[in-house]
Amino acid sequence: MRDLFTDYLAARPELAVFFATAPQDLLQEPPRVCSWTPGLASVSEDYQSALGNTRSLTGDEIVIATGQQPGLLTGPLYTIYKAATAIRLASEIEKRFHVRSVPLFWVASVDHDFEEVRTAHILTKHHTIASLTYAPERAVDGLPMYRVPAQTGLHQIIDQAAHSARGSEHRDEVAAFLHESLDAAESLADWFARILARLFRDTPLILFSPHLPTVRALAAPVLKWEIAHPLELTRLLNEAGERLTALGYRPQIVKDATECNFFLEVDQFRRKVRFEKGHYIVPEARLTFSTDEMLGLLQAAPERFTSNVALRCLEQQHLFSPAAYVGGPGEVAYWAQLRPLFDALELAMPAVYPRARAVITDLKLNALLKKVGLTVADIASPEADLLTRALKATTPDPALNIVQKHRRAIESALDDLADGLNSANKSTADMARTVKAATMAGLDRLENSVARADQARVDAVANQVKRLKTELMPLGKPQERVINIFSYLFEHGWDLIPRIVREINVDHFSLKEIEL
């Protein structure tokens, strides 16, 4: 299958029809100024105040939105990079077009995938990964994150993170804040928001949680359209997915034909809704509603209704009219299915802007990379391949130099042989090339044997490669998808966040190395 994100960055023309505009066009002309839903500015101001930050909002700012489901200790680094990208883009719009713009982080407090967010991975002082997992005292599967309790057992996780992570200069200060904010938090989502508010305190970032009762009432028109037009948006989603499939892409959203795009809270749990035989049903709760009954329930209790990933994007647009949404590779892929939904509700689709991608290194790590002859980009290769390369780059044995010297001569001679035979007899030239391939493979084995002759040195280099893998490609994934920001905050303090905001790239989409 083709990679949609890669093709999106390359501005492949066949993808243009799936998006409102290319990300490269976002900063070419002033965004259209649209007022927020009335009442939303005051709700947002009150929410910032509750989190300990003061923000003055008028409700007609250009919004650059991003968001994430609340994760333990903010989850992987990409959460930080999303917020930082939104901040930088909003600042750039203000600077270029002289219009007030604000970055907005949508705390997805109504999401309920607890298994996905319950673990934080801390890079330790011993160059290993400490995976810290939150285990509430009662089952929380199916609870929206704003209902998942922030229990006192999380204090132990804070202490484990502070003890495991490298550096101690800012440990006490950072840990004290985490303990205090946990004590003040009403839920896991609330704790996540409080941490983000502290991390980005010195930036213009606005935090927003969609579960607030006033917000659910303001978002009701989007839910009303979905209920009044049963399965229409589901059909549009699947049809867009089919068009992507025809182009060689794998659609991110594939829905059952009877599955709706909203959830209903029943006894505090978030339950899927289907539409079958002319009625809305909630299978897990054995509830059935006519369309009129479901619309009546929405009017009476909008706080019980929440959107799925697709409808959430429409809800966001209805509330704030963002000029852009900042998302990662997976999000860009599912946004490719959403344009027909925006058209159906007569909402302007925002630009979809790829979040910054980054990898955090330090002087010692870069010195080690240089020592073993590798780069940050190399670390995605299998560990065994990296070890082979590192051993060849660091082997002091003159025997390896001898092998490599004769290898070059042998390779050149075999090339000359094949070229010489080519004009006389093509089949013998092909045979010569086959001999060369076999000979070079044999020389590879000889080089590996020489490089691995000193087992103690092999073990030492293997540990160095393992360290590089752990820090730069942990658990076989990019660093930004695993490592938690507090791996570095206990050592570098709160000033690390403004530094990340300054250093990430927003004018191009290549991986940025941030050396601490």
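Residues E180 and R194 are not paired through a salt bridge, judged by the lack of any N-O separation under 4.0 Å between the basic side chain and the carboxylate. Between R88 and E92 no salt bridge is recorded (no basic side-chain N to carboxylate O distance below 4.0 Å).
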Please test R235 against E239 for salt bridge (charged side-chain N to carboxylate O under 4.0 Å, His left out), starting from the C-alpha separation and ending with a verdict. CA-CA 6 Å; R235 178 183 65 82; E239 288 177 354; 2.8 Å; yes
Begin with the C-alpha distance, continue with both residues' side-chain angles, and end with the deciding distance and a verdict on side-chain hydrogen bond (donor to acceptor under 3.5 Å, both in side chains) for N261 and T234. CA-CA 7 Å; N261 294 288; T234 296; 3.2 Å; yes
CA sep, side-chain torsions, deciding dist, call: R55, E61, salt bridge (charged side-chain N to carboxylate O under 4.0 Å, His left out): CA-CA 12 Å; R55 296 285 189 271; E61 293 89 346; over 6 Å; no
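A side chain to side chain contact (heavy atoms under 4.5 Å, CB included) with H121 holds for exactly one of L132, V482, N484; it is V482. The only option from R147, R216, R270 that meets the salt bridge (charged side-chain N to carboxylate O under 4.0 Å, His left out) definition with E265 turns out to be R147.
Between F18 and Y8, the gap from one ring centroid to the other reaches at least 6.0 Å.
A side-chain N or O of Y47 and one of S209 form a donor-acceptor pair less than 3.5 Å apart. Donor-acceptor pairing under 3.5 Å is recorded for the side chains of R274 and T258. Side-chain N/O atoms of E116 and Q69 include a donor and acceptor closer than 3.5 Å. For the residue pair T74 / T79, no side-chain donor-acceptor distance below 3.5 Å is found, with atom types taken as modelled. Between W191 and S181, the side chains place a donor N or O and an acceptor N or O closer than 3.5 Å (distance only, hydrogens not considered). Judged purely by distance below 3.5 Å, without hydrogens or angles, the side chains of H170 and D495 never pair a donor atom with an acceptor atom. With 3.5 Å as the limit, one finds no donor-acceptor pair spanning the side chains of R166 and T124. Remark: the Y249 side chain and the D7 side chain contain an N/O donor-acceptor pair separated by less than 3.5 Å. With 3.5 Å as the limit, one finds no donor-acceptor pair spanning the side chains of E94 and S101.
Checking side-chain atoms of Y134 against main-chain N and O of Q151 turns up a donor-acceptor pair under 3.5 Å. Distance alone, capped at 3.5 Å, is enough to place a donor-acceptor pair between the T85 side chain and the A356 backbone. A donor-acceptor pair is defined here as one N or O able to donate and one able to accept, closer than 3.5 Å; such a pair exists between the side chain of Q479 and the backbone of E471. A donor-acceptor pair under 3.5 Å is formed between the side chain of T245 and the backbone N or O of G241. The main-chain N or O of P76 is never found under 3.5 Å from a side-chain atom of E480 such that the two would form a donor-acceptor pair. Between the H229 side chain and the W225 main chain, a donor and an acceptor come within less than 3.5 Å of each other.
Taking each heavy atom of A165 and I122 in turn, the nearest pair found is CB-CG2, 3.9 Å. Closest of all the heavy-atom pairs between G327 and V332 is O-CG2, 4.0 Å. Across all non-hydrogen atoms, the minimal contact from P230 to T291 is CG-OG1, 4.4 Å. The two atoms that bring V140 and P149 nearest to each other are CG1-CD, 4.0 Å, heavy atoms only.
The shortest side-chain heavy-atom distance between F262 and I227 falls under the 4.5 Å cut-off. In this structure, the side chains of M145 and V107 stay at 4.5 Å or more apart for every pair of heavy atoms.
Between F490 and F486, the two ring planes are tilted [angle within 30° to 60°]. Using bins of under 30°, 30° to 60° and over 60° for the plane-to-plane angle, the ring pair H112/F263 lands in the perpendicular bin. Between W335 and Y325, the ring planes are parallel. Angles under 30° get that label, and only those over 60° would be called perpendicular.
For R198 and W494, the positive end sits near the middle of the six-membered ring, less than 6.0 Å away and at most 45° from its axis.
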